[in-house]
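Quick notes on the structure that follows.
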2 protein chains.
Amino acid sequence: MTLRGIGKTFGVSMTPAREAVRRLVADGGLSLSSSGRVSTPELSNERLEELASIRALIEPELASRALPRAHLALIDRLQAINASIAECAAKHDDVGYIRTNLEFHRTLYLRAQAPAMLAMTETVWLQLGPTMRAMYARLNRTEVPHNHRLIVAALRAGDEPGLRLALRSDVTQGLRLLAV
Amino acid sequence: MTLRGIGKTFGVSMTPAREAVRRLVADGGLSLSSSGRVSTPELSNERLEELASIRALIEPELASRALPRAHLALIDRLQAINASIAECAAKHDDVGYIRTNLEFHRTLYLRAQAPAMLAMTETVWLQLGPTMRAMYARLNRTEVPHNHRLIVAALRAGDEPGLRLALRSDVTQGLRLLAV
DNA sequence: ATTGGATCAATGTGATCACAAAATCCAGAA
DNA sequence: TTCTGGATTTTGTGATCACATTGATCCAAT
């Protein structure tokens, strides 16, 4: 990927392309080598564990804050997203699976009215992006994650401890698969 | 603050200055209005509470991870930093107080070997920067925070629950002062 | 055929320019 | 004195350029 190429792709000059790339680098979504060349960052196992821990810390908190504001329409919408996830899993559409999976989380967290936490979480997602992609590719999921159903159930029941636990499991589950 | 002015200050052109500013904006340290003008972001009480919550979530975790690696030299160094904090407090040097205060935390967290968490925490600090400045200015501290002494004591004793509690208190203490 | 270096193309960085939009300023009138 | 409206300056954005550095390619010698 070259700056000039990116610029030409989007019909702009080098300057905006450079700025966008630098922002991605600043957020950790891309890493730039010593010579300024960009590449997808290689995540060590330690860093992965760290990022998963951050998710495990923040996302249950976001869910807790969303819980009192979660009305029925939201829960139904989450269930619909789960259906989409199942669909992607059936079609072996990895990138769709990941995208709808994150959409599930984001939809829930948007209700938390905590933009800073959400932004932080999305930064972590961005950094996990390439690795998640590689991970789910060799996983061959075939159904919606069990924890997502637990999350919806806990929301319906207003069960905060159960919600936090389900989220923690859902978030750290991916790591366990990679630790093999 | 103008881009051209910043560039001239550092002896560079507009381009690097612009890039630096945009990076600060991306990290939340500055906010840019609709017309691209930069300004120090106005933190609402809700956002402040949120940022404090993030600190309360991540920083005890960082301290926990640093605890098993904390040798005596580190603890002595933390105590020395506490002395510096007391010095700044005595001289009513607000910005020095804040800086050494954060240096205390960063010194501890560096031992955690968790760069992603540390980066995340520093992002939060960056966002809190202007508000902390205003807060401590009208506070007129005169001595080192009690919680810092508790932190050092917990480190010496290897008391993880105490360490987490002390950190949580130290981090959320500032918020309480502002909620007045 | 392989390897070594030398040349060359390509890319990122920083500077400068043109332009549009926004802010400031100044004059004039109520 | 204060408000208003236009003119001027300022400022951010995007484009283009010059340059240094890096990676690649190619040719020659073993």
Side-chain angles (χ1 to χ4, degrees), chain A residues 1-48 50-51 95 115-116 118-120 122-134 137, chain B residues 1-44 46-48 50-51 95 106 115-116 118-120 122-134 137:
Chain A
M1 292 213 314
T2 77
L3 248 51
R4 284 172 175 84
I6 295 171
K8 195 154 62 179
T9 303
F10 293 99
V12 294
S13 167
M14 291 174 54
T15 313
R18 188 162 71 186
E19 189 187 312
V21 166
R22 297 294 289 245
R23 235 176 82 180
L24 276 175
V25 170
D27 283 346
L30 288 176
S31 79
L32 78 126
S33 65
S34 60
S35 68
R37 300 305 215 281
V38 293
S39 57
T40 78
E42 198 65 30
L43 291 192
S44 66
N45 267 21
E46 291 80 22
R47 194 167 185 88
L48 247 157
E50 219 190 315
L51 291 173
V95 49
L118 181 54
M120 206 134 276
E122 288 184 329
T123 294
V124 177
W125 290 348
L126 186 66
Q127 296 182 48
L128 284 173
T131 305
M132 286 177 69
R133 173 104 177 70
Chain B
M1 292 216 311
T2 76
L3 282 178
R4 286 173 175 85
I6 295 172
K8 195 154 63 180
T9 303
F10 292 100
V12 294
S13 168
M14 291 174 54
T15 314
R18 189 161 71 187
E19 188 187 312
V21 166
R22 298 293 289 243
R23 235 177 79 180
L24 276 174
V25 169
D27 283 346
L30 288 175
S31 78
L32 80 125
S33 66
S34 60
S35 67
R37 300 310 214 277
V38 294
S39 58
T40 76
E42 199 64 29
L43 291 192
S44 66
E46 292 80 23
R47 194 167 186 87
L48 248 157
E50 219 191 314
L51 292 172
V95 50
R106 187 179 353 238
L118 181 54
M120 206 133 278
E122 288 185 329
T123 294
V124 178
W125 290 348
L126 186 67
Q127 296 182 48
L128 285 172
T131 304
M132 286 176 69
R133 174 103 176 71

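In what follows, every chain begins at residue 1, and chains take the letters A, B, ... in the order their sequences are listed.
- The CE atom of A:Met120 sits 6.0 Å away from atom CD of B:Gln127, with the distance rounded to the nearest 0.5 Å.
- Summarising the geometry, atom CG belonging to B:Leu3 is positioned 11.5 Å from atom CD belonging to B:Glu19; distances are rounded to the nearest 0.5 Å.
- Among the heavy atoms of the strands lying under 4.0 Å from B:Arg37 are primed sugar atoms or P, OP1, OP2 only; no base atom is included.
- In this structure, A:Arg22 places its CZ atom 17 Å from P of C:dT11, rounding to the nearest Å.
- If you walk DNA chain D from 5' to 3' and mark each nucleotide with an atom closer than 4.0 Å to a heavy atom of chain B, the marks span D:dT11 to D:dG14.
- Across the protein-nucleic acid pair, A:Met1 atom CE and C:dT11 atom P stand 12 Å apart, rounded to whole Å.
- Summarising the geometry, atom CG belonging to B:Leu126 is positioned 6.0 Å from atom CG belonging to B:Asp27; distances are rounded to the nearest 0.5 Å.
- No side-chain heavy atom of A:Val12 sits less than 4.5 Å from a side-chain heavy atom of A:Ile6.
- The OG1 atom of A:Thr40 sits 12.5 Å away from the CG atom of A:Leu24 when rounded to the nearest 0.5 Å.
- Taking CZ of A:Arg18 as the start and CZ of B:Arg22 as the end, the distance is 12.5 Å to the nearest 0.5 Å.
- Only B:Met14, B:Arg18, listed by number, bring a heavy atom of residues 7-19 of chain B to less than 4.0 angstrom from any atom of DNA chain D.
- We find the CE-CG distance between A:Met132 and A:Leu43 to be 11.5 Å, quoted to the nearest 0.5 Å.
- Applying the salt bridge (charged side-chain N to carboxylate O under 4.0 Å, His left out) test to B:Glu46 and every residue at least two apart in sequence or in another chain returns nothing.
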